[in-house]
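Since the structure comes first, as structure tokens, the remarks are kept for the end.
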Number of protein chains: 2
Amino acid sequence: MARTNTLQYMILGLLTRQQMTGYDIKQIFDKEKAEFWTAPFSQIYPELNRLLESNLIALVKSNDPNTRKKTYQLTSTGKQVFLDWLKKPLDPSVTQLNNDDFVLRLHFLGKDQQGILTKLLKLRSQTLKVEIAQLELELTEVTSHPEQYGRELIIKKELANKKSDELLWHNQISNFS
Amino acid sequence: MARTNTLQYMILGLLTRQQMTGYDIKQIFDKEKAEFWTAPFSQIYPELNRLLESNLIALVKSNDPNTRKKTYQLTSTGKQVFLDWLKKPLDPSVTQLNNDDFVLRLHFLGKDQQGILTKLLKLRSQTLKVEIAQLELELTEVTSHPEQYGRELIIKKELANKKSDELLWHNQISNFS
DNA sequence: CACACCATGTAAGCGGTTACATGATTCC
DNA sequence: GGAATCATGTAACCGCTTACATGGTGTG
């Protein structure tokens with residue numbers, strides 16, 4: 001899924017909710033895994049140290065001196081970097097939004113950010129329409145090849161999913177306005 | 001997506017259709033990309049040489065001596081290795097089948113392999129039912145957290161997709177019997 | 001006192017991406 | 001004759017997985 005260090009933004013995103021340890025982050029990844037993301041400790045801890053190094057997060061001073069726990073919080077730079085990432089698809093130069101990038105961002109949006117939310121839904125909806133048109137074409141082609149029956153089923157499945165998604169986001173947008 | 005050298009099986013699968021060059025394989029990957037798979041030349045060519053080394057594929061002797069083209073065909077060992085991979089989820093010890101593994105296999109199944117096809121559809125359908133039940137639970141939990149509105153939408157989307165898939169495979173199985 | 005869980009890491013290896021390199025053939 | 005396409009590779013890098021390593025805390 002990942003291309004440009006997605007884990008970094010997932011961690012920053014979780015830290016916008018509240019301060020956490022690496023262990024806490026792993027718990028949340030595991031719990032919310034099915035919908036979007038997972039990562040092992042061997043990826044999380046080094047990443048936290050890199051984020052610390054580049055001042056996107058900072059250690060929370062503990063009042064308990066005998067704990068090994070390292071609790072992290074966002075710095076103001078970190079907040080900004082996360083927000084920039086969140087809004088990146090809304091840049092005018094970006095004309096499409098794939099499912100992974102979409103879901104990753106959606107995960108961190110609440111009803112309070114309805115502006116960004118609506119724009120992302122619209123962009124994703126638009127991308128889906130293009131993809132649906134493309135798949136309709138592929139479907140008409142593949143039905144003339146009975147030996148590719150499995151592939152035909154895959155296209156039908158993908159089409160059904162994308163149509164269902166498009167309808168869901170469309171209705172969501174209507175709810176807001 | 002891949003865990004245990006999936007590319008290897010994709011190449012073998014394509015070569016069950018007909019003999020091909022590495023260049024041909026890339027073309028097909030690009031054309032059928034949306035549904036399942038893609039790979040750059042830098043991955044394909046080394047993989048072909050590895051497959052050649054382990055005698056799963058063989059060079060087709062060319063009657064044109066001045067071409068650089070290398071056309072490959074499956075060996076009998078290669079055919080067997082591919083079939084074993086295709087049927088692996090049908091092993092009694094395997095009780096679930098994720099979407100990636102399912103789609104990858106489905107892609108190479110025609111109406112002539114209805115036996116394997118039906119079994120794979122049933123296994124996938126069964127896995128989906130479990131995942132749907134899990135997501136229903138998560139949905140009731142998340143609705144009490146209005147700040148996680150985005151996550152709620154993701155769960156709704158995933159639920160709709162999985163229910164749609166389950167219905168599609170269910171109907172497919174009925175068609176066959 | 002054992003077992004589960006809390007808590008933080010390092011090392012090796014592999015699959016996949018991006019960039020680089022080379023040269024033939026075909027079509028306008 | 002230039003551009004697109006055919007055709008086959010190598011090298012460097014990076015993210016991710018698996019395995020390994022260590023030790024504290026809480027509960028039955």
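First the proteins, then the strands, lettered A, B, ... as listed; each starts at 1.
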| query | Can we call the ring centroids of B:Phe102 and B:Trp169 under 6.0 Å apart? | reply | yes

| Counting only side-chain N and O atoms of A:Gln43, is one of them less than 4.0 Å from OP1 or OP2 of D:dT17? | yes

Just the table, please: protein N/O against nucleotides 19-24 of chain D N/O, every pair under 3.5 Å.
{"from": "D:dG23", "atom 1": "N2", "to": "A:Arg68", "atom 2": "NH2", "distance (Å)": "2.5"}

| query | Angle class for the B:Phe108/B:Phe82 ring planes (parallel below 30°, perpendicular above 60°, tilted otherwise)? | reply | perpendicular

| query | Charged N to carboxylate O below 4.0 Å: is that the case for B:Glu131 and B:Lys163? | reply | no

| Which whole-number value in Å describes the distance from A:Phe41 CZ to C:dA7 C1'? | 7 Å

| CZ of A:Phe29 versus C1' of D:dC16: gap in Å, rounded? | 13 Å

| request: Using whole Å, report how far CG of A:Asn5 lies from C1' of D:dC13. | output: 14 Å

| request: Figure out the OH/P separation between B:Tyr72 and D:dT8, and round it to whole Å. | output: 7 Å

| task | Flag the pair A:Glu166 and A:Lys162 as a salt bridge only when some basic side-chain nitrogen lies within less than 4.0 angstrom of an acidic carboxylate oxygen. | result | no

| field | Axis bend over the full length of the helix from C:dC1-D:dG28 to C:dC28-D:dG1, computed from five pairs that close each end, to 10 degrees | value | 30°

| Option passing ring-ring contact (aromatic ring centres under 6.0 Å, His included) with A:Tyr23 (candidates A:Phe41, A:Tyr72, A:Tyr45) | A:Phe41

| Test item: side-chain donor near acceptor, A:Asp84 and A:Gln80, under 3.5 Å | yes

| message | For B:Lys129, is there an ion pair with B:Glu136 - N to carboxylate O distance below 4.0 angstrom? | response | no

| Quick one: B:Lys26 NZ to D:dT5 P, roughly how many Å, whole number? | 14 Å

| query | Hey, are A:Arg151 and A:Glu138 close enough for a salt bridge, meaning a charged N less than 4.0 Å from a carboxylate O? | reply | yes

| Within this structure, what is the OH-to-P distance between A:Tyr9 and D:dG15, rounded to whole angstrom? | 11 Å

| task | For A:Arg50 and for B:Tyr23, find the nucleotide of DNA chain D with the closest heavy atom, then tell me which residue's nucleotide is more 5'. | result | B:Tyr23

| field | Spacing of A:Tyr45 atom OH relative to D:dT18 atom P, expressed in whole Å | value | 18 Å

| Of B:Gln148, B:Glu141, B:Glu147, which meets side-chain hydrogen bond (donor to acceptor under 3.5 Å, both in side chains) against B:His145? | B:Glu147

| Considering only side-chain heavy atoms of B:Gln27, which listed nucleotide, D:dT10, C:dT8, D:dC6, is closest? | D:dC6

| request: Provide, to the nearest angstrom, the distance between the CD1 atom belonging to A:Ile44 and the P atom belonging to C:dC6. | output: 14 Å

